Amino acid sequence: MTGMIFDVKELGVHDGPGLRTTVFLKGCPLRCMWCHNPEGLTMSKQLSVRENACTHCGACRKPCTHADCRPFGRCLHICPQGLIKVVGEEVTARELADRLLRNKMFWGEKGGVTFSGGEPLLQAEFVHEVLDLLGDVHCAIETSGYADPDTFLSLVKRMSLVYMDLKLADDGLHRKYTGVSNAPILKNLEQLLASGIPCVIRTPLIPGITDTPSNLAAIKELAGGLVQELLPNNAMAGAKYELLGLKFPLSSASSPDTK
Amino acid sequence: MNTQLYQTIVIEKSHRTLRRELPEIAQEYSVAGLTPIERMTRRFEWLCKEQEPMFLGDEKICFLRTTKNIPDVFTKEEWEEIRSKHYIHESGYPSNLTVDYGKILKNGLLALKDESDTYGCRSIDAILGLVERYRQAALAESRTVLAEGHAALADGRSALAHVLEQVPAYGARSFREALQCVRIINFALWLEGDYHNTLGRVDQYLYPFLKQDMEAGILTKEDALELVEEFFLSLNRDSDLYPGVQQGDNGQSLMLGGKTKDGSCGFNLLSELCLKASQELKLIDPKINIRVDKDTPDEIYTMCSELTKVGLGFPQYSNDDVVLPGLIEMGYAPEDAVEYTVAACWEFIIPGVGRDVANIAALSVPKVIDTCLHRDLPGCQCLEDFYKAVADEIRTGLDAICDNIKDLWFVPAPFLNLLMDTPKYQNFGIHNVGLSTAADSLTAIMEHVFDTKDVTAERLIAGVDSDFAKDPELLHMLRFETPKLGTNSDKADENLVWLLDTIADALEGKKNCLGGCYRAGTGSAMYYLWSAEEIGASPDGRRKGEPFAANYSISLFTRTDGPFSVLRSMTKPSLSRTINGGPLTLEFHDTIFKTPEAVAQVGQYVKQFVLMGGHQLQLNAVNADTLKQAQAHPEHYPQLIVRIWGWSAYFVELDRAYQDHVIARQEYSL
Ligand code: SF4
Ligand code: SF4
């Protein structure tokens with residue numbers, strides 16, 4: 001089967017132990033207001049233009065005959081500065097596995113592959129297939145934990161390490177800032193705790209939203225002694241929205257993605 | 001760290017105001033009809049006399065240049081005549097050599113008198129005369145400051161005098177004496193007019209002294225670090241006076257670690273202290289190199305990555321597993337090869353016995369492709385025809401370079417000669433510039449003109465000639481949609497392999513005018529900017545005026561798949577055949593080094609480079625945003641350091657073209 005990815009990153013140093021390759025899967029059921037991977041939100045291909053370097057030469061606006069340009073109304077194959085690209089690539093599990101395995105020699109015993117996103121659980125079946133093809137490789141996942149319990153458990157079980165986000169303990173606030181209830185996440189957290197799979201609970205520190213003492217205390221409680229990482233706010237978070245012609249929902253308080 | 005001394009030398013630079021300008025002497029020497037060696041000896045004697053003994057703060061390692069310029073020994077007319085008769089390398093004065101420091105540390109300068117001619121003896125007397133004046137000045141100061149009630153400082157000065165009584169006249173007896181001795185010898189080499197004076201394997205020739213002092217309980221590890229730092233600081237006092245293409249290009253490199261003669265790992269406590277000292281001082285001198293191999297333990301890589309994190313562009317790694325066989329294959333005796341260090345930037349040389357001219361000339365490989373593109377491509381029936389044309393042109397180009405180097409002559413350097421052994425190796429190193437541009441251009445031609453045939457030779461040539469002005473689609477295709485090095489393309493990688501093999505083949509067996517061989521290298525030195533100006537656009541989609549990548553690096557605009565893919569491409573060639581030196585350079589965004597785990601991961605990445613058969617690697621921690629800020633507000637960034645090609649520099653002191661190139665380099669982030 002095929003999956004939709006938006007990046008394969010070599011040497012993802014903050015995505016687990018050893019030398020790793022990180023795959024970013026496209027599509028996420030959440031809409032965190034601070035999300036700094038806006039290209040990971042929808043499952044569809046998107047046009048990305050570095051407008052700030054554009055000289056408005058007009059070349060990309062002239063009609064062209066390339067089939068792949070048609071959906072976007074701009075020519076993808078002409079910008080002299082290479083400012084235009086499509087974010088999102090449909091790949092088969094085989095293609096992705098082969099691409100990853102080319103760099104197997106770097107992984108050693110500790111390193112391996114990390115699945116990130118977006119939300120990798122949204123394409124769980126595809127990830128399963130890639131895992132089948134990767135064989136005996138240290139795999140990690142970075143997830144929001146938002147998925148139905150079976151999908152969640154069956155995938156994380158196959159991982160050597162799980163990074164799971166816990167953003168807000170309060171359901172109301174969770175709905176307000178991420179667009180969804182945290183009930184499924186908490187349920188999956190319980191399963192994760194029970195499973196004994198090595199995991200790290202991550203919380204992005206968004207000023208005034210997630211970094212409040214009460215929220216952090218509640219998350220600590222929920223994490224039940226698991227390893228926790230607090231991720232500092234990333235001042236550059238808003239930059240990618242512009243590329244996609246989107247508006248950064250939290251334009252004043254910028255923030256990190258934990259992936 | 002001796003913060004007071006650091007403040008004086010690095011921040012206030014007040015010691016620079018002590019320097020006097022010297023008058024020209026060439027005319028006088030010329031009228032007197034002096035021989036070249038007499039001129040050099042006489043100038044050295046004079047320069048030694050002109051130095052004013054000076055001490056900075058409570059320094060433990062002294063010697064400071066108090067004269068600015070080193071007047072030439074020949075007049076302009078004489079140089080013209082010399083150049084008409086001889087091949088003159090750069091300025092004509094010896095450079096890029098490493099003297100046998102170990103020998104002097106053991107026996108001292110006086111012991112060399114027996115075996116040296118009068119010029120050598122006069123040079124020894126000259127420098128020892130200056131040392132004696134320093135000694136007396138130290139004693140005199142000791143008395144004055146004692147009278148003023150500064151007992152500690154007085155002790156310090158008399159300790160200095162005590163050290164100078166011993167070195168460099170006689171062999172060193174302690175670590176401190178050894179460091180002072182090296183400082184004086186290095187100082188004297190610069191004063192003689194030799195340049196790019198490298199320091200060699202300091203952790204090998206100095207370690208016995210450190211070990212002995214620590215075992216005797218004279219030094220603690222902390223004392224030793226302090227001394228190493230003072231020694232490093234001493235190398236930064238006069239460095240702004242040293243000649244180079246840009247400030248910082250002065251060749252004061254040293255080498256750490258590596259195999260020893262008995263095959264064991266040479267990394268020792270002193271190697272560790274040197275890494276640490278560089279990390280704490282954050283100075284552009286000395287330039288730190290380290291030798292590693294497949295058995296190097298992980299901790300060493302982590303230690304090195306800690307230094308990389310600081311952002312100086314140090315250390316630069318050399319892989320013994322590739323370099324040693326390469327040197328031996330070229331004719332270096334195994335017991336000499338194992339002592340290799342780097343000359344200035346990255347060219348491998350042997351201390352003492354190596355008189356190689358490691359950077360004698362450069363071939364612009366993209367220019368070769370450009371010639372063949374225009375002259376041969378339209379007539380080529382198949383890809384093989386084109387490869388053949390390129391191979392012929394490479395051979396022609398290298399032949400022309402080699403044939404041009406006849407009657408090589410250097411200004412005699414009696415002091416340097418004292419410290420070198422009988423030359424065993426006199427090989428010439430040839431840089432091969434723009435390798436990635438050339439390999440990618442070959443790939444573009446292969447892919448579009450011969451494989452898919454979607455571009456005709458005529459269209460490609462017209463595009464290159466017009467800088468793609470009328471064919472933006474072609475530009476986009478070549479620049480952004482054609483396989484390149486670092487994009488996981490076997491095709492592209494094979495072209496690099498082929499190019500390096502072809503270059504090595506073309507030089508193999510050739511003899512130079514001194515009877516040595518030619519060594520092919522992967523370095524570019526400053527030619528990555530210069531040679532790029534000689535041609536217009538290139539078939540890889542590089543536009544007119546854009547520079548090549550420095551050394552053995554992928555093209556600036558390549559959209560690489562990432563650092564793994566880059567290593568895979570660049571370690572494919574059998575690099576032991578092109579072992580003159582020239583590193584793969586990678587820029588890592590400074591945020592990569594945020595956590596200790598990440599620093600260790602960078603170390604693992606280097607280890608992988610070594611295991612995959614890379615020869616030389618240079619990692620930089622950079623942040624393009626900071627660099628742009630520094631361009632806009634240089635006054636706020638006086639200490640910002642960047643790596644250029646084989647040396648590091650204060651960013652704000654560089655010419656704009658070099659600054660822009662650093663900013664444009666590929667940066668790998670999180
Ligand atoms: S081709 Fe590039 S520079 Fe020209 S208008 Fe389009 S995006 Fe801007
Ligand atoms: S921050 Fe992560 S979970 Fe939240 S919307 Fe972005 S990709 Fe989804």
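Predicted model, so just to flag it, every value in this text is computed and none were measured.
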Which atoms of [X] come close to chain A, meaning under 4.5 Å heavy atom to heavy atom: side chain ones, backbone ones, both, or neither?
X: B:Phe480; result: side chain
X: B:Gln604; result: both
X: B:Gln608; result: side chain

Open item on the list: Are B:His615 and B:Tyr552, when compared by the centres of their aromatic rings, separated by less than 6.0 Å?
Closed with: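 Yes: the rings meet the under 6.0 Å criterion.
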Open item on the list: Quick one: does any side-chain atom of B:Gln316 pair with a main-chain N or O of B:Gln616 as donor and acceptor, under 3.5 Å?
Closed with: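 No, B:Gln316 side chain to B:Gln616 backbone: no donor-acceptor pair under 3.5 Å.
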Task: Result of checking B:Pro483, B:Pro573, B:Ser569, B:Ser565 against B:Asp493 for side-chain contact (heavy atoms from CB on, under 4.5 Å) - done: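 Going through B:Pro483, B:Pro573, B:Ser569, B:Ser565 one by one, the side-chain contact (heavy atoms from CB on, under 4.5 Å) with B:Asp493 is satisfied by B:Ser569 alone.
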Task: Between B:Arg543, B:Met612, B:Glu597, B:Lys607, the one whose heavy-atom pairs under 4.5 Å with chain A are most numerous - done: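 The answer is B:Met612.
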Open item on the list: Consider side chain to side chain donor-acceptor pair (under 3.5 Å). Of A:Glu119, A:Gln46, A:Glu90, which one does A:Lys26 pass it with?
Closed with: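 It is A:Gln46; the other options fail the test.
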Open item on the list: For chain B, which candidate among A:Lys110, A:Gln81, A:Arg102 shows the most heavy-atom pairs at distances under 4.5 Å?
Closed with: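 Highest number of heavy-atom pairs under 4.5 Å: A:Arg102.
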TODO: Mind ranking A:Cys64, A:Cys57, A:Cys75, A:Cys79 by heavy-atom pairs under 4.5 Å with chain B and telling me who comes out on top?
DONE: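 Most heavy-atom pairs within the cutoff with chain B belong to A:Cys79.
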Open item on the list: Does any backbone or side-chain atom of A:Arg99 lie under 4.5 Å from a heavy atom of chain B? Answer side chain, backbone, both or neither.
Closed with: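 Contact with chain B is absent: no heavy atom of A:Arg99 under 4.5 Å.
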- [ ] First locate atom CG of A:Leu47, then atom SG of A:Cys69, and finally report the distance between them rounded to the nearest 0.5 Å.
- [x]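 Spacing of CG (A:Leu47) from SG (A:Cys69) equals 9.5 Å.
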- [ ] Report yes or no: is the cationic atom of B:Arg542 (NZ for Lys, CZ for Arg) closer than 6.0 Å to the six-membered ring centre of B:Phe548, at no more than 45° off its axis?
- [x]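 Checked: cation-pi criterion not met.
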